Number of protein chains: 2
Amino acid sequence: MTVTIREIAKHAGVSRGTVDRVLNDRPGVKPEVRDRILEIVNELNYVPNIAAKALAYQKKPVTFGIVMPPKDIRFFESIRSGITSAAEELKDLGVRLEYRYVDNKRPEEGAGAIHELVEAGVSGIMFSVMDDELIRESIDAAAQKNVPVVTFNSDVEGSKRVCFVGQDLHKSGVVAAGLMNRVLPAEAKVIIVTGSLKFHAHRSRVEGFKQGLANSGSRLQVARVIEGFDRYEDTFALLNQTLSEHTDISGIYMATGDIAACLEVIKLQRLEGKLRVICNDLMPEAEHGLRERIIDFTIVQNPERQGYLSLRLLFDLVFAGKQPETEHYFTETHIYIPESL
Amino acid sequence: MTVTIREIAKHAGVSRGTVDRVLNDRPGVKPEVRDRILEIVNELNYVPNIAAKALAYQKKPVTFGIVMPPKDIRFFESIRSGITSAAEELKDLGVRLEYRYVDNKRPEEGAGAIHELVEAGVSGIMFSVMDDELIRESIDAAAQKNVPVVTFNSDVEGSKRVCFVGQDLHKSGVVAAGLMNRVLPAEAKVIIVTGSLKFHAHRSRVEGFKQGLANSGSRLQVARVIEGFDRYEDTFALLNQTLSEHTDISGIYMATGDIAACLEVIKLQRLEGKLRVICNDLMPEAEHGLRERIIDFTIVQNPERQGYLSLRLLFDLVFAGKQPETEHYFTETHIYIPESL
DNA sequence: ATGAAAGCGCTAACAT
DNA sequence: ATGTTAGCGCTTTCAT
């Protein structure tokens, strides 16, 4: 027999309305009554019926806000598709989505979006904008008003977000090292391309790679780490120069940075097939590089799943009161070669 | 405004009960009325509300039957975990599961299970038992009685199952070839281990592998294809013999077969690290081989997803009347190395 | 502070 | 053959 609100009410000798008030933290119940009801709820192991809840909410659908970089950022496409498929499943349960696209470089936009959404009465927020003090405050303010925030893809550490869903950057570096080990001879030299070592996110992959080499007792050498600052020109110039100067390089790990620039340099120097190249993610340039057989492997961390899971976690929290089981949800690491496309 | 049954009824000038009868193919409606209602349903683009449906079904929960090999078959563990997580999501919508574990080698058990489940009144069946005439008949009989069957992991071709969810065996072979190409020198020799070339499923991977080599213009040579009939002894003996006779082999593709046997032979001949070994799936032996660095890669096709998707498809079909979009759903192909575990 | 009752959209049992 | 109505479990509004 499933326990319903009616049951609880009967046991407590009150009306269902009162039980509902208690369960949803609404005011207007004497503390002692509230306590007694909560006790019974626990004792009887009451679990709300989602279908009934969804049906009752029909008039005033539950809305979740989503704050992320603009649509034209290709990287977020697959995350969006994951969100969409979760939304598809939850549509039947009356869940609506409200997107806010903000500039990653302007924390005030992200913070503003959160504020707006909270004012608009959303029941939860998915958030993916680069870490910043303004944003942290904004998330905490939302938490204060009982609007849970789930960060995805990039975390806002130290904030009161309920959890983070994203990649394990360190691990992707370790995996890249593992691959290099398998495709290169023992003492080969490789270089790493990253955005900027100042950023934790960029550094993680580089560190993972180095640690991966160390852990496996590899004798591969990292000849150089190039910081391209995610700009085409810088990446192109530095990589071009490095490869000209060091003709004994046999592998490149594109940890972060402009893949197109990397591909161009390789073509320019006619190194196609002579270098083993590993990059991350399945953006169009990476796919292109794979198909052209310039890139050997790309390491992907299930972005669809990131989107799907974030929304699902928010839903479970809001609808079923189910707290996330961990603070960090990492999506699985997968390796792609052209044949697996 | 969402279109409800009430709306339809109003438009058609009938009662909601009648509309319900039409929508659920229940008897007792004049054909002309039925047609008119269906017309209106289409015109107004009616979509049933899942939450309401689930709530109404509360008394008599919808049950899906699952027929698969016994629990002790490790391979099905991850598929089961995928089923479980879908079931978790659907529990709130009143979905119940009824498992039947049957011997893969005894078609009559599988056929019997389907029959029983249909008699027991399940609303749909997930099925994974090896192809056979008896089974085909049983699936068709279920279809006749309006009980949809989704096959997963291994298909029952030619039957009236609504769709199949599983691996793309050919593709896994192609990917294996792609990997071999990258880790072995141009003219190296490899051998393939399979169960029996008589079985379509076993053959597919082997063919995929060969075709993968051909397509990429590889000069790798397949020195031999060994049929181990999925038995430890046969696999061990044949592989041991082959590797003794051909000392110029530099790679093994374990397409299908006993991985433990393969690992033993390699250890026996002290070939650890000298051979590049690629296998499939993430069973305990494969994991073990990966960690020991005897197996270089294992190719996995998302078994959790197979379980999850099969149940979800069944649900969508039964609850929302959503027909599967394709007859074959293939899960994604992923490559694992020890570092990605 | 608490109770009673009217839905949310659909199903099923009962009436006509 | 078709209409009516009482739930399914929860929320919310209106009484008390």
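In what follows, chains carry the letters A, B, and so on, assigned in the order in which the sequence lines appear, proteins first and then strands, with residues in each chain numbered from 1. Just so you know, these numbers come straight off a predicted model, no measurement behind them.
- Atom C1' of nucleotide D:dG9 and atom CD1 of A:Ile8 are separated by 12 Å, given to the nearest angstrom.
- Sequence order on DNA chain C of the closest nucleotides to B:Ala56 and A:Arg21 puts A:Arg21 first from the 5' end.
- At whole-Å resolution of the value, CZ in B:Arg6 and C1' in C:dT11 are 14 Å apart.
- Among the nucleotides C:dA1, D:dT11, C:dG9, the one closest to any side-chain atom of A:Lys30 is C:dA1.
- By the 30° and 60° cut-offs, the orientation of the rings of A:Tyr308 relative to B:Tyr308 is perpendicular.
- Using a 4.0 Å heavy-atom distance criterion, A:Asp20 is classed as a base contact.
- Here B:Thr18 reaches the OP1 or OP2 of D:dG3: one of its side-chain N or O atoms lies under 4.0 Å away.
- Where A:Pro48 and B:Val14 each meet DNA chain D at their nearest nucleotide, the meeting point lying more 5' is that of B:Val14.
- Remark: B:Asn24 is in phosphate contact with C:dT11, judged by side-chain N or O atoms under 4.0 Å from OP1 or OP2.
- Checking the phosphate oxygens (OP1, OP2) of D:dG9, no side-chain nitrogen or oxygen of A:Thr4 falls inside 4.0 Å.
- Straight-line distance from the CD atom of B:Glu7 to the P atom of C:dG9: 9 Å, rounded to whole Å.
- If you take CZ of B:Arg34 and C1' of D:dT2, they are 13 Å apart, rounded to a whole angstrom.
- For A:Gln58, taking side-chain heavy atoms from C-beta onward, the closest of the listed nucleotides D:dC10, C:dC8, D:dG3 is C:dC8.
- In the set D:dT2, D:dT11, D:dT13, D:dT11 carries the atom at the smallest distance from any side-chain atom of A:Arg26.
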Contacts table for residues 30-43 of chain B: side-chain donor-acceptor under 3.5 angstrom, sequence neighbours left out:
residue: B:Arg34; atom: NH2; partner: B:Arg26; partner atom: O; Å: 2.9
residue: B:Arg36; atom: NH1; partner: B:Ala12; partner atom: O; Å: 2.7

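- Salt-bridge check for B:Arg136 with B:Glu157: failed, with every basic side-chain N at 4.0 Å or more from each acidic carboxylate O.
- Across the protein-nucleic acid pair, B:Leu55 atom CG and D:dA6 atom C1' stand 13 Å apart, rounded to whole Å.
- Note on A:Phe319: nothing from the nucleic acid sits closer than 4.0 angstrom, heavy atoms only.
- Between A:Tyr57 and B:Lys59, the residue anchored closer to the 5' end of DNA chain D is B:Lys59, taking for each the nucleotide with the nearest heavy atom.
- With respect to A:Arg100 and A:Glu116, a salt bridge is recorded, a charged nitrogen being found less than 4.0 Å from a carboxylate O.
- Using a 4.5 Å heavy-atom threshold, the side chains of B:Thr4 and B:Asn49 count as separate.
- Straight-line distance from the CD1 atom of A:Ile37 to the P atom of C:dA1: 13 Å, rounded to whole Å.
- In this structure, B:Asn49 places its CG atom 18 Å from P of D:dC8, rounding to the nearest Å.
- Across the protein-nucleic acid pair, B:Leu93 atom CG and D:dG9 atom P stand 14 Å apart, rounded to whole Å.
- Counting non-hydrogen atoms under 4.0 angstrom, A:Arg16 reaches a base of the nucleic acid.
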